[in-house]
Novice: 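Okay, handing you the structure first.
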Amino acid sequence: MKNNAMKDNRTELGKSHPLWMLFELVKSIKGFIFFCIFLSFVFEFSSTSIFSAYGISLIILFVIYQIVSILLEWKHFGYSIDEEELFIKKGRFVTLHRHFPLANIQGLHQNTTFFPRLFGLTTLLIDAGSSDKNDSIKLEMISFQEANHIKTTLSDLGKVYITEEENRKDIEKNSQEITSIKKHYEIKRREILIASLTSLRLLFFLTLIYSVYSEVNQFFQIDAYVGDIIGFFQSSWFRLTMGIIILICLSIVYGVLKTYLQYGEFNVTSDPYRIYIEKGKLNTAHFSIPKDRIQALSINSGFIHKFLNIVKVKMISSSDTDEDVKASHILFPFIHKNKAKKLIPEVISAFEIEEDMTKIPTSSIIVKLLRTIYLWLFFPVMLYCFFPGFWYLATIMFSLTLVSQLLSSLFSSYALNGSFIQIKKGAIATKVFITSRDKIERLMVTETILQKKLGLSSIKIISRARPAKVTTMHDVPKDMAIRYYSWYYEGIENHTTILASKQTS
């Protein structure tokens with residue numbers, strides 16, 4: 001405690017660049033706009049009376065509060081790093097001092113947006129490995145030199161703090177292997193093009209055009225100009241066809257450009273202990289995570305991607321607390337299925353993919369249909385009765401839900417391979433979940449009355465993540481569910497025995 005008290009009084013603390021205040025002020029413009037809208041509703045101001053004496057006074061107070069709070073937050077923020085801990089001081093009107101042991105640091109994420117990069121600034125997000133929900137340390141708007149210094153320090157010490165025994169053996173036997181970084185994957189332009197053409201970004205482009213038109217039309221009357229343009233293309237079939245082609249081409253360009261800016265330069269590298277991911281052209285991101293923090297893998301494939309054998313591989317980690325980190329836990333954003341199966345064991349040797357999976361019984365169709373009866377029967381019937389004009393929507397919903405449940409019963413499968421469990425769900429869009437026994441927090445077996453009569457059960461797997469990742473496999477044979485439970489229980493007993501033996505020794 002005395003040592004920490006002395007460290008709290010340290011004077012040389014790293015700080016965010018002063019430009020951080022300007023960027024924060026710019027971001028608060030949205031809050032300022034919503035604040036004005038709030039005033040208009042509360043005080044029943046019109047679009048012009050918002051600038052009355054009361055309105056202007058409150059707006060001025062709001063702006064002053066934003067400026068003062070941002071200034072105080074920048075002034076009070078500071079950090080320092082030594083061989084033992086990372087020290088953070090932050091707060092606006094009340095300052096908070098926090099100490100994070102470097103031994104507990106688990107992950108590192110670097111995000112560089114376009115405008116900060118122009119000034120040589122970046123943001124580091126550090127996973128402190130704490131049980132606190134606010135365990136992510138964000139160092140915003142710091143120089144690249146400082147960011148590299150922090151990354152080097154954490155990387156070097158991170159190898160020391162794996163475990164003392166492992167570190168000693170690895171240094172003696174594999175000193176060259178520790179420092180080696182192997183490149184596993186780099187995204188190809190062909191993959192970006194295919195992903196762009198098969199994504200919903202093409203549809204989002206039409207929504208974007210309409211949103212821009214709606215916003216601009218509020219300030220400038222452009223209805224007449226838009227009407228003339230639409231009338232020009234509708235004047236003949238040739239012009240209409242050309243207009244549609246131009247719109248499709250613009251949508252494709254928008255989708256390709258957006259995908260390229262987001263995933264351009266995407267590559268995956270690793271050393272014996274960590275995985276490193278880099279991505280982005282306009283806004284760049286660098287992320288690293290210890291391999292032992294990966295609790296499970298999720299391999300997803302949408303409807304269109306399924307026909308092209310394209311999948312997305314995501315890592316489920318015990319540090320999934322921050323949205324920026326969650327976005328970076330994508331191991332492969334869009335990759336061919338066979339290539340993913342080859343690369344996953346290469347990147348994360350602790351995981352294995354089972355090809356031979358057992359399908360759930362066909363009797364599960366009855367249970368699945370009754371479980372979703374409100375979707376494929378009740379809701380369409382209510383829609384048809386009360387809104388007969390939308391009878392086609394009721395028919396479409398009835399057909400899609402019924403078909404999806406039937407296909408799910410036919411194609412959902414599971415597998416148990418040594419210490420690994422693998423679950424595949426869905427048919428139109430599939431999701432494969434892979435985890436190992438020692439990464440499971442809890443495994444539960446449940447059954448409903450109908451499942452009991454048909455000899456079926458449901459398996460619920462809760463993985464160690466924040467928040468906890470819950471995966472449920474419905475309608476597996478009861479004897480197989482019991483086997484899975486026994487498999488998990490034996491793993492707990494073995495783990496307890498190993499821990500007890502280590503404590504006695």
Side-chain angles (χ1 to χ4, degrees), residues 109-118 122-123 125 181-209 211-212 244-270 275-289 297-317 323-348 353 426 428-432:
H109 173 262
Q110 181 177 354
N111 185 38
T112 309
T113 54
F114 177 70
F115 288 105
R117 187 168 57 184
L118 296 178
T122 185
T123 296
L125 186 66
I181 295 180
K182 182 179 180 181
K183 189 171 185 177
H184 303 281
Y185 172 77
E186 183 176 3
I187 198 166
K188 306 297 182 184
R189 292 182 180 179
R190 177 175 174 271
E191 293 174 323
I192 292 179
L193 180 61
I194 294 176
S196 303
L197 297 177
T198 56
S199 69
L200 296 177
R201 286 192 171 98
L202 303 180
L203 299 179
F204 290 157
F205 178 72
L206 302 178
T207 307
L208 177 64
I209 292 179
S211 300
V212 172
I244 294 174
I245 293 175
I246 292 173
L247 193 61
I248 293 175
C249 291
L250 290 175
S251 300
I252 293 174
V253 171
Y254 167 78
V256 172
L257 182 61
K258 189 171 180 63
T259 306
Y260 176 71
L261 292 177
Q262 183 177 0
Y263 292 108
E265 304 294 337
F266 187 99
N267 63 79
V268 180
T269 58
S270 73
I275 297 173
Y276 305 91
I277 298 175
E278 299 179 9
K279 67 173 182 177
K281 293 294 291 184
L282 191 63
N283 299 331
T284 61
H286 304 266
F287 173 74
S288 70
I289 181 174
L297 290 179
S298 178
I299 306 175
N300 304 331
S301 183
F303 175 67
I304 300 177
H305 289 165
K306 186 175 168 52
F307 289 100
L308 300 174
N309 279 329
I310 295 176
V311 297
K312 174 190 288 187
V313 182
K314 181 181 178 183
M315 300 176 290
I316 298 171
S317 168
E323 290 300 323
D324 292 333
V325 174
K326 287 181 179 180
S328 296
H329 278 183
I330 297 176
L331 185 61
F332 305 116
F334 20 80
I335 187 174
H336 195 275
K337 184 178 179 181
N338 295 334
K339 190 175 182 180
K341 290 180 179 179
K342 178 182 177 181
L343 287 178
I344 287 174
E346 180 182 315
V347 179
I348 318 172
I353 300 177
I428 298 177
T430 59
K431 179 178 181 180
V432 179

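One-based numbering along the sequence shown. Computed from a predicted structure; not experimentally measured.
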Novice: Does the pair Val432 and Val311 meet the rule for a side chain to side chain contact (heavy atoms under 4.5 Å, CB included), with working shown?
Specialist: CA-CA 10 Å; Val432 179; Val311 297; over 6 Å; no
Novice: Applying side-chain hydrogen bond (donor to acceptor under 3.5 Å, both in side chains), which residue pairs with at least one partner in residues 183-194 are found, sequence neighbours left out?
Specialist: Lys183-Glu186, His184-Ser270, His184-Glu346, Tyr185-Glu191
Novice: Is a donor on one side and an acceptor on the other found under 3.5 Å between the side chain of Ser251 and the backbone of Leu247?
Specialist: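 Checking the backbone N and O of Leu247 against the side chain of Ser251, a donor-acceptor pair under 3.5 Å is found.
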Novice: Just to verify, what does Ile304 make a side chain to side chain contact (heavy atoms under 4.5 Å, CB included) with, not counting sequence neighbours?
Specialist: Thr198
Novice: What I'd like to find out is whether the side chain of Val347 reaches to under 4.5 Å of the side chain of Met315, using heavy atoms alone.
Specialist: no
Novice: What do the steps show when you test Leu125 against Asn111 for side chain to side chain contact (heavy atoms under 4.5 Å, CB included), and what is the final call?
Specialist: CA-CA 8 Å; Leu125 186 66; Asn111 185 38; over 6 Å; no
Novice: Can you give me the closest heavy-atom contact between Ala429 and Gly302, atom names plus distance?
Specialist: CB-CA, 4.2 Å
Novice: Out of the candidates Leu331, Ile330, Ile335, only one should pair with Pro333 under the side-chain contact (heavy atoms from CB on, under 4.5 Å) rule; please name it.
Specialist: Ile330
Novice: Taking C-beta and beyond as the side chain, do Phe332 and Val268 meet within less than 4.5 Å on heavy atoms?
Specialist: yes
Novice: Considering residues at least two apart in sequence or located in another chain, which fulfil the side chain to side chain donor-acceptor pair (under 3.5 Å) criterion with Asn267?
Specialist: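 Partners of Asn267 by the side chain to side chain donor-acceptor pair (under 3.5 Å) criterion come out as none, since no residue qualifies.
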Novice: Please report the interatomic distance OH(Tyr254) to OG1(Thr259), rounded to the nearest 0.5 Å.
Specialist: 9.0 Å
Novice: List in chain and number order the residues that pass side chain to side chain contact (heavy atoms under 4.5 Å, CB included) with Phe303, two or more places apart in sequence or in another chain; answer none if no residue qualifies.
Specialist: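 In terms of side chain to side chain contact (heavy atoms under 4.5 Å, CB included), with neighbours along the sequence ignored, Phe303 is linked to Phe307, Ile428.
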Novice: About how many Å separate NZ of Lys339 and CG of Asn309, when rounded to the nearest 0.5 Å?
Specialist: 14.0 Å
Novice: So, taking the atom named CG in Leu282 and the one named CD in Gln262, what distance separates them when rounded to the nearest 0.5 Å?
Specialist: 11.5 Å
Novice: Take atom NZ of Lys337 as the centre, draw a 6.0 Å sphere, and report whether it contains more than 12 heavy atoms from other residues, nucleotides or ligands.
Specialist: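 Not more than 12 within 6.0 Å, no.
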Novice: Where do Val256 and Leu193 land on the side chain to side chain contact (heavy atoms under 4.5 Å, CB included) test, with the steps shown first?
Specialist: CA-CA 6 Å; Val256 172; Leu193 180 61; 3.9 Å; yes
Novice: Given side chain to side chain contact (heavy atoms under 4.5 Å, CB included), test Ile277 with Phe266 step by step and report yes or no.
Specialist: CA-CA 7 Å; Ile277 298 175; Phe266 187 99; 3.8 Å; yes
Novice: Taking the side chain as every heavy atom from C-beta outward, state whether Lys281 and Glu265 have any pair of such atoms under 4.5 Å apart.
Specialist: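 Answer yes - side chains close enough.
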Novice: Return the CG to CD1 distance between Leu297 and Ile348, rounded to the nearest 0.5 Å.
Specialist: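 Going from CG on Leu297 over to CD1 on Ile348, the span is 4.5 Å.
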Novice: Can any side-chain N or O of Ser196 pair as donor or acceptor with the backbone N or O of Ile192 at less than 3.5 Å?
Specialist: yes
Novice: Kindly compute the distance separating NZ (Lys314) from CG (Asn300), expressed to the nearest 0.5 Å.
Specialist: 8.5 Å
Novice: Which residues satisfy the side chain to side chain donor-acceptor pair (under 3.5 Å) test with Lys182, sequence neighbours excluded?
Specialist: none
Novice: Mind checking what makes side chain to side chain donor-acceptor pair (under 3.5 Å) contact with Ser301, not counting sequence neighbours?
Specialist: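 Partners of Ser301 by the side chain to side chain donor-acceptor pair (under 3.5 Å) criterion come out as none, since no residue qualifies.
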Novice: What pair of heavy atoms forms the shortest contact from Thr430 to Gly426, and how long is it?
Specialist: CG2-O, 3.7 Å
Novice: As an exercise, state the distance from CD of Glu278 to NE2 of His286, rounded to the nearest 0.5 Å.
Specialist: 5.0 Å
